**Student:** 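Quick one: the structure is below, and I'll ask about it shortly.
All figures in this text were calculated on a predicted structure; none of them were measured in a lab.
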Amino acid sequence: MLIDCHNHIGADLLFYLHGDFPYAQQLVDMTHMGGALGITHWVVFPFVSYAALDVTKFRKGEIADGPGLESVPYAFENRRLLEECQRLFPEVGEKTLPFVMVDPMRHTDAQAAELLKLRSEFRFHGIKIQSTILQADIKRLMNEGRVFLDLAREWDVPFLIHSSVAPDDLWAQAHDILDIAEANPDIRFCAAHSCRFDKECLDRVQALPNAWFDNSAHCIHCDCVLKEMPNIAPPARRFDSDYSDPARVIADLAAAYPDKFMWGSDSPFYSYAAQLGGKVVKLISTYEREMAALHASPADVVRRIAATNTLKYLKLPDESILA
């Protein structure tokens, strides 16, 4: 068994209309490509922008509340994902572990009502948040978004939350995510992207019994270190490793945090390209490169970070669905 714990399915109108990459991924294509590399199961969730936002602003890369094509954040996107996995392509979807996406700030009660409907029709195993693109402060999860904490507690499902350490990211700071995890010890949390290699945050994940981290988009994050980009923890706070060798970084993280590290590709966001400030930014990897970095570690390490730890985090009520 090899679980990829971080994957997007569907389409992102914001990325497409603004000219950014990637902007779409199909379930069948993802499983075909990843399956050929040895992946057996995928945690999946929608892309980030949603049709209840004002899509007319997307051409300028702006986020604004609707009116949009829909009225409730992620109501369409979550249903579309679950129908693709469990009705359109169940023979492929049985290999997926879907998470629903939520916006922690906007129309949260209406979102919760839609999630209750979905829960009566489909299986899903967690809640995903990407608050940076939505410009929705993750701390709102403790206020307007508390209903999602209540549902996670009732359903015994975890959160997977995009994390940042960039000073200009006001919405998804890793330390804020860990504050929320500490305040809710009966709910499981994963901070994505290795907390951008911030050792203080990684050590805090290690100390919290209900926290994990994933290394999604690992190879381009290592590239960001070499390029000295501001989205990565500065040297004084950075986990010590050889970032010219992504496989070495995986091995070092797995040794330092043996029970808290989950492997994920972030497909298709293992690559990213956009025009930012008049300049083209390209960070390019492949599924093959992500897998090669993983498989450079011994088989027992691979099994631990790509199955054992992930299953403990998921806490599936019936693991026979993985058979």
Side-chain angles (χ1 to χ4, degrees), residues 1-10 12 22 25-35 37-48 74 77-86 89-90 92-102 115 118-119 122-130 148 151-152 155-163 177 187-194 205 210-218 250 260-270 287 290-291 294 302-323:
M1 181 185 299
L2 199 163
I3 304 171
D4 183 342
C5 77
H6 196 125
N7 304 274
H8 295 265
I9 295 293
D12 195 304
Q25 177 165 248
Q26 298 175 355
L27 168 67
V28 174
D29 287 349
M30 179 197 72
T31 56
H32 178 76
M33 181 165 47
L37 298 171
I39 298 169
T40 61
H41 299 84
W42 292 258
V43 173
V44 296
F45 29 79
F47 279 66
V48 181
Y74 292 117
E77 291 79 7
N78 286 330
R79 180 170 290 276
R80 177 68 176 80
L81 170 78
L82 294 169
E83 288 183 344
E84 183 166 348
C85 290
Q86 296 174 32
F89 299 101
V92 177
E94 67 184 7
K95 303 172 185 177
T96 66
L97 299 161
F99 279 33
V100 290
M101 287 278 269
V102 301
L115 294 182
L118 290 178
R119 192 71 173 175
F122 301 96
R123 65 172 177 88
F124 55 86
H125 304 283
I127 300 172
K128 173 72 166 72
I129 300 175
Q130 210 285 20
F148 303 129
L151 289 176
W155 295 336
D156 197 17
V157 299
F159 282 91
L160 197 169
I161 305 179
H162 169 91
S163 74
I177 296 167
I187 301 174
R188 302 181 301 286
F189 292 84
C190 172
H193 314 305
S194 301
V205 169
N210 62 324
W212 285 258
F213 71 90
D214 77 31
N215 74 324
S216 47
H218 177 73
I250 285 179
K260 295 306 190 87
F261 174 15
M262 301 188 299
W263 179 83
S265 69
D266 204 3
S267 74
F269 284 99
Y270 42 67
Y287 227 150
E290 302 299 323
M291 288 290 288
L294 170 67
V302 173
R303 185 166 54 251
R304 174 159 41 85
I305 66 176
T308 303
N309 292 348
T310 309
L311 290 172
K312 185 175 180 181
Y313 158 79
L314 288 168
K315 197 178 171 184
L316 297 174
D318 180 5
E319 291 190 6
S320 69
I321 65 171
L322 300 171

**Student:** Do you know which two heavy atoms are closest between Trp212 and Asn309, and how far apart they sit?
**Tutor:** NE1-O, 3.8 Å

**Student:** Under 3.5 Å, is there a donor-acceptor pair between the side chain of Ser163 and the main chain of Ala192?
**Tutor:** yes

**Student:** How far does CG of Leu322 sit from CD of Glu94, to the nearest 0.5 angstrom?
**Tutor:** 10.5 Å

**Student:** Does His8 have its ring centroid less than 6.0 Å away from the ring centroid of Phe45?
**Tutor:** yes

**Student:** For residues His6 and Ser216, report the shortest heavy-atom separation together with the two atoms involved.
**Tutor:** ND1-OG, 3.3 Å

**Student:** What's the separation between atom CG in Leu316 and atom CZ in Arg123, rounded to the nearest 0.5 Å?
**Tutor:** 9.0 Å

**Student:** Does atom CD of Gln86 have more than 12 heavy-atom neighbours, drawn from other residues, nucleotides or ligands, at distances under 6.0 Å?
**Tutor:** yes

**Student:** Mind checking whether Tyr313 and Asp214 have side chains closer than 4.5 Å, heavy atoms only?
**Tutor:** no

**Student:** Of all heavy-atom pairs between Ile177 and Ala191, which one has the smallest distance, and what is that distance?
**Tutor:** CG2-CB, 4.5 Å

**Student:** Taking Thr308's backbone N and O only, do any of them form a donor-acceptor pair with Arg303's side chain (distance below 3.5 Å, no angle check)?
**Tutor:** no

**Student:** Between Asn215 and Ser194 (side chain of the first, backbone of the second, donor and acceptor by atom type, cut-off under 3.5 Å), is there such a pair?
**Tutor:** no

**Student:** Parallel, tilted or perpendicular for Phe47 and Phe269, by the 30°/60° rule?
**Tutor:** tilted

**Student:** Atom NZ of Lys128 and atom CG of Leu81: how far apart are they, to the nearest 0.5 Å?
**Tutor:** 12.5 Å

**Student:** Could you tell me whether the side chain of Arg304 reaches within less than 4.5 Å of the side chain of Phe261, counting heavy atoms only?
**Tutor:** no

**Student:** Can you check whether Arg79's main-chain N or O pairs, donor with acceptor, with Tyr74's side chain at less than 3.5 Å?
**Tutor:** no

**Student:** Is the distance between the ring centroids of Phe124 and Phe99 under 6.0 Å?
**Tutor:** no

**Student:** Search all heavy atoms of Trp42 against all heavy atoms of Gly34 and return the closest pair with its distance.
**Tutor:** CZ2-C, 3.8 Å

**Student:** Atom CD1 of Ile127 and atom CZ of Arg188: how far apart are they, to the nearest 0.5 Å?
**Tutor:** 11.0 Å

**Student:** Closest approach of Leu82 and Pro98, non-hydrogen atoms and distance?
**Tutor:** CD2-CB, 3.6 Å

**Student:** Show your working on side chain to side chain contact (heavy atoms under 4.5 Å, CB included) between Tyr287 and Ile39 and close with a plain yes or no.
**Tutor:** CA-CA 10 Å; Tyr287 227 150; Ile39 298 169; 3.3 Å; yes

**Student:** Does any part of the side chain of Met30, heavy atoms only, come nearer than 4.5 Å to the side chain of Val92, both counted from C-beta?
**Tutor:** no

**Student:** Test Leu2 against Met291 for side chain to side chain contact (heavy atoms under 4.5 Å, CB included), laying out the working first.
**Tutor:** CA-CA 11 Å; Leu2 199 163; Met291 288 290 288; 4.0 Å; yes

**Student:** May I ask you to test the Asp266-Glu290 pair for a side-chain heavy-atom distance under 4.5 Å?
**Tutor:** no

**Student:** In Å, rounded to the nearest 0.5 Å, how long is the span from CG of Leu115 to CZ of Phe122?
**Tutor:** 12.5 Å

**Student:** Between Ile129 and Phe148, is any pair of side-chain heavy atoms under 4.5 Å apart?
**Tutor:** no

**Student:** Considering non-hydrogen atoms only, spot the tightest contact between Tyr270 and Ser265 and give its length.
**Tutor:** CB-O, 3.6 Å

**Student:** Does either side chain, that of Asn7 or that of Ser267, offer a donor lying less than 3.5 Å from an acceptor on the other one?
**Tutor:** yes

**Student:** Would a distance-only check, ignoring hydrogens and angles, find a side-chain to backbone donor-acceptor pair under 3.5 Å from Asn78 to Met101?
**Tutor:** yes

**Student:** Can you check side chain to side chain contact (heavy atoms under 4.5 Å, CB included) on Val100 and Arg119, steps first, answer last?
**Tutor:** CA-CA 10 Å; Val100 290; Arg119 192 71 173 175; over 6 Å; no

**Student:** Measure the CG-NE2 distance between Asp4 and His41 for me, rounded to the nearest 0.5 Å.
**Tutor:** 12.0 Å

**Student:** Report the residue from Val43, Thr310, Leu311, Val44 that forms a side-chain contact (heavy atoms from CB on, under 4.5 Å) with Leu97.
**Tutor:** Val43

**Student:** Do the side chains of Glu84 and Thr96 get nearer than 4.5 Å, heavy atoms only?
**Tutor:** no

